[in-house]
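Encoded as structure tokens, the structure appears first; notes follow it.
Naming: A, B, ... by sequence-line order, numbering from 1 per chain. A quick note: this is a predicted structure, and the numbers were derived from the prediction, not measured.
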Amino acid sequence: MTSIRVRIAPSPTGPLHLGTARTALFNFLFARHLGGTFIFRLEDTDQARSSVEFEKDILNGLHWLGIQWDEGPGIGDEPPGGRGSYGPYRQMQRLERYTEAATRLLAEDKAYYCYCTPEELDAERKRQEAARETPRYSGRCSALSQADRAAFEVEGRTPVVRFRIPSNRTIAFDDIVRGHVEIDTNALGGDLVIVRSDGTPLYHFTVAVDDAAMAISHVIRGEDHLSNTPKHILLFEAMGAAIPKFAHLPLILNPDRTKMSKRKSQTAVAAYRAQGFIPEAFVNYLALLGWSTGTEEEVLSLADLIERFELSAVNKAGAIFDRGRLEWLNGQWIRRLSADDLIDRLRPFLEAELAAGRIDWIPADEDMRALLPVVQERLPTLAAVGELVRFLFVNELALDPTLIVPKRWDIATTIAGLEAARSVIAGVGEVSWEADEIEPPLRQLVEERGWKAGELFMVVRVAVTGRTATPPLFDTMVALGYERTLARLDRAIEQLQAVAAT
RNA sequence: GCCGCAUUCGUCUAGAGGCCCAGGACACAGCCCUCUCAAGGCUGAGAUCAUCGGUUCGAAUCCGAUAUGCGGUACCA
């Protein structure tokens with residue numbers, strides 16, 4: 001059996017896309033599961049749209065997800081061509097190879113120069129569409145004489161290179177996820193342009209040249225390439241290269257079931273990262289979009305995924321990206337994090353809160369650690385930490401006094417409740433400032449006054465935090481501190497009295 | 001238009017002829033826990049397995065047609 005070599009070949013024309021990330025993941029899982037080699041190659045021949053920022057985003061994003069490649073460009077001090085013996089791994093550094101391959105195809109008359117201008121081609125296509133014919137290149141330049149060519153050259157035309165697509169042939173292949181697929185060559189649109197008039201190669205050509213040169217054994221990619229596969233097979237044949245196995249993955253869809261796009265969904269991996277999703281959850285979610293273990297296991301680590309991954313078990317139908325499910329998984333994974341780990345991961349989000357002016361200082365690690373028992377299970381995302389604990393780290397609490405008054409209480413009762421609670425809480429004292437010390441006397445107060453615990457607690461909660469939903473009250477007050485708790489109660493009483501006076 | 005691929009609860013999926021008048025998870029509803037919010041536990045609702053026809057003693061599973069959706073059809077990738 002020949003060795004397994006797979007690749008992800010993104011083009012740096014945009015930030016790392018969810019779909020690219022998932023394709024990379026499936027390739028990676030497949031390689032790791034079988035002990036194969038995973039290669040990263042940059043398809044940067046679209047110079048007009050490519051940029052180094054996008055390239056960095058893609059590299060960083062994949063690393064963040066824990067997807068490591070055995071061959072390909074690195075992030076830091078790697079050799080410029082990348083690591084691995086089939087490099088370079090950037091197509092713009094492989095230009096001679098495409099020229100060489102094109103020259104050979106030309107020499108063998110498997111390709112030819114075409115002098116048609118884009119305008120002529122366009123007119124031809126329009127005519128065909130009007131006549132309800134299948135648009136396809138006519139082959140007008142397929143048998144040009146030396147004289148014909150010379151005449152075009154004199155006109156100043158620069159030719160493209162077209163690869164001959166045979167007619168009336170059926171190309172068949174056995175797709176690992178879809179099974180047997182047959183496509184007639186007549187449906188391929190005629191002879192294929194493989195080199196632009198400026199001499200740069202086109203995608204279908206580079207992909208075949210590189211996959212052959214890099215000895216790729218399995219091409220695992222999105223379903224949007226299924227219809228293009230015959231072109232690649234023909235190219236492999238023409239170059240005398242072995243034909244790899246193919247596996248076309250189902251697409252990730254927008255909620256309206258169209259192919260996931262930037263317009264309708266959030267597609268940038270970096271955006272999810274910025275919103276507080278953690279890589280464990282993201283990878284877990286992506287792997288289960290279009291694939292399942294066949295068991296009822298749902299929460300799986302990268303190592304688990306590698307162990308269980310089976311390409312043939314991949315689904316055929318597209319899957320809508322379900323953010324709610326991602327959030328649930330993210331919560332699952334956040335709850336599994338160790339305290340130290342969580343604190344480290346939370347820090348950037350706390351810094352962002354500070355930068356946005358939503359908190360006045362960043363809590364010390366020990367303070368965060370003390371908070372974790374009540375915070376960890378309440379975080380669907382890391383970014384949710386701000387909303388959850390913000391009130392602890394501000395000097396001045398923005399408080400809507402009317403929010404304090406419960407539906408079944410009036411202002412006077414509320415003020416009385418707060419004052420009573422204030423004195424009981426003050427009585428606990430700074431030295432016994434623990435949740436277990438604060439709760440009993442307050443419950444006793446409730447008992448004496450014939451109130452409902454929930455109502456008084458809610459009054460205190462809002463007075464002290466400004467919110468109706470918080471972590472457990474007594475833990476919250478402990479985190480706030482004795483002095484600050486009393487100060488906030490005093491301030492709430494003042495504000496309520498002001499409201500009552502009007 | 002042409003070619004290709006797909007079609008199981010709202011969503012992600014299990015299911016490879018009898019174990020399925022279809023199982024799990026997310027979301028949803030109710031209950032329990034409970035100082036609120038979560039988390040967790042339990043329960044529930046939710047799918048004529050796209051439709052029609054065929055094969056078979058028996059079909060979500062095999063075959064065909066239809067419908068619908070999506071993808072491809074570039075001097076983009």
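- Nearest-nucleotide mapping onto RNA chain B: of A:Thr134 and A:Phe321, the residue sitting toward the 5' end is A:Thr134.
- Rounded to an integer number of Å, the gap from CD of A:Gln128 to P of B:rA74 is 10 Å.
- The cationic atom of A:Arg140 (NZ for Lys, CZ for Arg) does not lie both less than 6.0 Å from the six-membered ring centre of A:Tyr137 and within 45° of the ring axis.
- For A:Asn228, no side-chain nitrogen or oxygen approaches OP1 or OP2 of B:rG71 to under 4.0 Å.
- For B:rG4, the paired base is B:rC70 (Watson-Crick or G-U wobble, both distances below 3.5 Å).
- Nucleic acid contact class of A:Glu182 (heavy atoms, under 4.0 Å, all strands): sugar-phosphate only.
- Nucleic acid contact class of A:Asn315 (heavy atoms, under 4.0 Å, all strands): sugar-phosphate only.
- Among the atoms of the strands shown, only primed sugar atoms or phosphate atoms (P, OP1, OP2) are found under 4.0 Å from some heavy atom of A:Leu226.
- The residue A:His248 sits apart from the nucleic acid: no heavy atom pair falls under 4.0 Å.
- Taking the six-membered ring where the residue is Trp, the centroids of A:Tyr285 and A:Phe277 are separated by 6.0 Å or more.
- The phosphate of B:rA77 (OP1 or OP2) has no side-chain N or O of A:Thr13 nearer than 4.0 angstrom.
- Residue A:Arg335 has a polar side-chain atom (N or O) positioned under 4.0 Å from OP1 or OP2 of B:rG40.
- At the heavy-atom level, A:Leu456 lies nowhere under 4.0 Å from the strands shown.
- A sub-4.0 Å separation between OP1 or OP2 of B:rA77 and a side-chain N or O of A:Thr45 is present.
- Across all strands, A:Asp224 comes closer than 4.0 Å only to sugar-phosphate atoms, never to a base (heavy-atom distances).
- Side-chain atoms of A:Glu280 and A:Ser301 form no donor-acceptor pair, as typed in the model, at a separation below 3.5 Å.
- Between the side chain of A:Ser197 and the base of B:rC75 there is at least one donor-acceptor pair of N/O atoms closer than 3.5 Å.
- Atom P of nucleotide B:rG72 and atom NZ of A:Lys259 are separated by 4 Å, given to the nearest angstrom.
- Remark: B:rG53 base-pairs with B:rC63. Criterion, Watson-Crick or G-U wobble with two distances under 3.5 Å.
- A:Gly290 comes within 4.0 angstrom of sugar-phosphate atoms only, judged by non-hydrogen atoms across all strands, and of no base.
- Checking the phosphate oxygens (OP1, OP2) of B:rA27, no side-chain nitrogen or oxygen of A:Arg325 falls inside 4.0 Å.
- Within 4.0 Å of A:Ala453, counting heavy atoms only, lies no atom of the nucleic acid at all.
- When heavy atoms are screened at a 4.0 angstrom cut-off, A:Val160 is found touching base atoms of the nucleic acid.
- Using a 4.0 Å heavy-atom criterion, one finds that A:Arg461 contacts the bases of the nucleic acid, with or without backbone contacts as well.
- The stretch residues 373-383 of chain A touches RNA chain B through A:Glu377, A:Arg378, each having a heavy atom within less than 4.0 Å of the strand.
- In terms of position on RNA chain B, the residue among A:Ala469 and A:Ala313 whose nearest nucleotide sits closer to the 5' end is A:Ala313.
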Identify the pairs formed between an N or O of the protein and an N or O of nucleotides 42-49 of chain B at a distance under 3.5 Å, and give each distance.
none

